[in-house]
Asks: 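First, the structure itself, so that you have it in front of you.
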Amino acid sequence: MDPVVRYGIKARYDGECGLCGAPVKVGERIFQLPKKRTGPQGRWVCAPCRWPDPDRVIDLDFVIRKGEQRIAKGPSYTPSMAEIDLIVTAFGYLEPLDQDELVVLKMLRDAQLTRQSPTMGRAKTAVIVRAMLRAKE
Ligand SMILES: [Zn+2]
């Protein structure tokens, strides 16, 4: 395994995680995702994205920030099971849902049954972000 994938490096300047959009400060450890997960350009991510952290708080703000990051930087958003559970719960407070939201909700409910995270393009990710912003109101 490439050392920057296994051990990471210290960030040389302030930035943000390439996956979840969390702010990264100079000197914090960042990691490169394996290229098979991201394509040839690689992607620098924060520690909890590289080595999933069960203590990480998955809340509406987290999902919104990650969704916006995925829309801006692409190519897609593959929510974790914890994120899917949160999004489905939040949709429950939003009824009535529009047609796009119903389609996304069905995908996510199916994912809860199969335990397979779906990969969403920008359009479906945008539906999620819009709904999560509404859920925060
Ligand atoms: Zn991250």
Side-chain angles (χ1 to χ4, degrees):
M1 192 186 287
D2 199 323
V4 295
V5 172
R6 183 184 290 274
Y7 303 112
I9 61 165
K10 284 186 176 171
R12 286 188 284 264
Y13 44 84
D14 290 345
E16 60 183 26
C17 169
L19 201 58
C20 74
V24 172
K25 294 245 175 300
V26 172
E28 285 179 1
R29 194 149 284 275
I30 55 174
F31 299 82
Q32 199 154 41
L33 283 183
K35 292 209 173 18
K36 65 176 186 297
R37 275 185 63 190
T38 61
Q41 82 280 15
R43 197 187 287 281
W44 292 98
V45 300
C46 68
C49 280
R50 178 69 188 95
W51 308 108
D53 176 359
D55 295 329
R56 171 145 78 170
V57 176
I58 307 289
D59 59 12
L60 287 175
D61 286 327
F62 177 84
V63 169
I64 291 165
R65 191 187 67 211
K66 187 169 178 180
E68 286 176 338
Q69 171 79 8
R70 311 309 324 124
I71 293 166
K73 303 284 169 64
S76 58
Y77 170 41
T78 304
S80 69
M81 276 301 144
E83 291 161 33
I84 290 172
D85 290 344
L86 174 77
I87 295 164
V88 169
T89 301
F91 267 123
Y93 293 101
L94 287 178
E95 277 160 19
L97 299 175
D98 69 25
Q99 194 55 43
D100 289 341
E101 290 166 345
L102 289 171
V103 169
V104 169
L105 180 58
K106 167 97 171 59
M107 274 178 87
L108 296 175
R109 284 208 173 120
D110 290 348
Q112 286 178 313
L113 296 176
T114 62
R115 312 306 291 171
Q116 296 273 334
S117 292
T119 296
M120 312 258 183
R122 283 192 169 86
K124 287 193 169 67
T125 304
V127 169
I128 291 173
V129 168
R130 189 161 41 88
M132 296 304 101
L133 287 169
R134 228 162 84 226
K136 270 188 66 179
E137 285 171 3

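A quick note: this is a predicted structure, and the numbers were derived from the prediction, not measured. Order of appearance sets the numbers: ligands from 1, and atoms from 1 within every ligand. The basis for the numbers below is simple: all heavy atoms, side chains too, and nothing from hydrogens, waters or symmetry mates.
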Asks: Look up atom CD in Gln69 and atom CG in Leu19, then write down how far apart they are to the nearest 0.5 Å.
Replies: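 Between Gln69 CD and Leu19 CG, I get 8.0 Å after rounding to 0.5 Å.
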Asks: Please check this pair: side chain of Arg109 against backbone of Val88, looking for a donor-acceptor N/O pair closer than 3.5 Å.
Replies: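 Pair absent, no side-chain N/O of Arg109 close to backbone of Val88.
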Asks: Would you check if the side chain of Ser117 reaches a backbone N or O of Ser80 as a donor-acceptor pair within less than 3.5 Å?
Replies: no
Asks: Only protein N/O/S atoms count here: give how many lie under 2.8 Å from the Zn ion (ligand 1).
Replies: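 Of the protein's nitrogen, oxygen and sulfur atoms, 4 lie under 2.8 Å from the Zn ion (ligand 1).
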Asks: Keeping Arg70 on the side-chain end and Thr78 on the backbone end, is there a donor-acceptor pair under 3.5 Å?
Replies: no
Asks: Tell me every residue that passes side-chain hydrogen bond (donor to acceptor under 3.5 Å, both in side chains) with Asp53, counting only those two or more places apart in sequence or in another chain.
Replies: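 Listed in chain order: nothing, the list is empty.
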Asks: Under the side-chain contact (heavy atoms from CB on, under 4.5 Å) test against Gln116, which residue among Leu113, Thr114, Thr119 passes?
Replies: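 For Gln116, the side-chain contact (heavy atoms from CB on, under 4.5 Å) test succeeds with only one of Leu113, Thr114, Thr119, which is Thr114.
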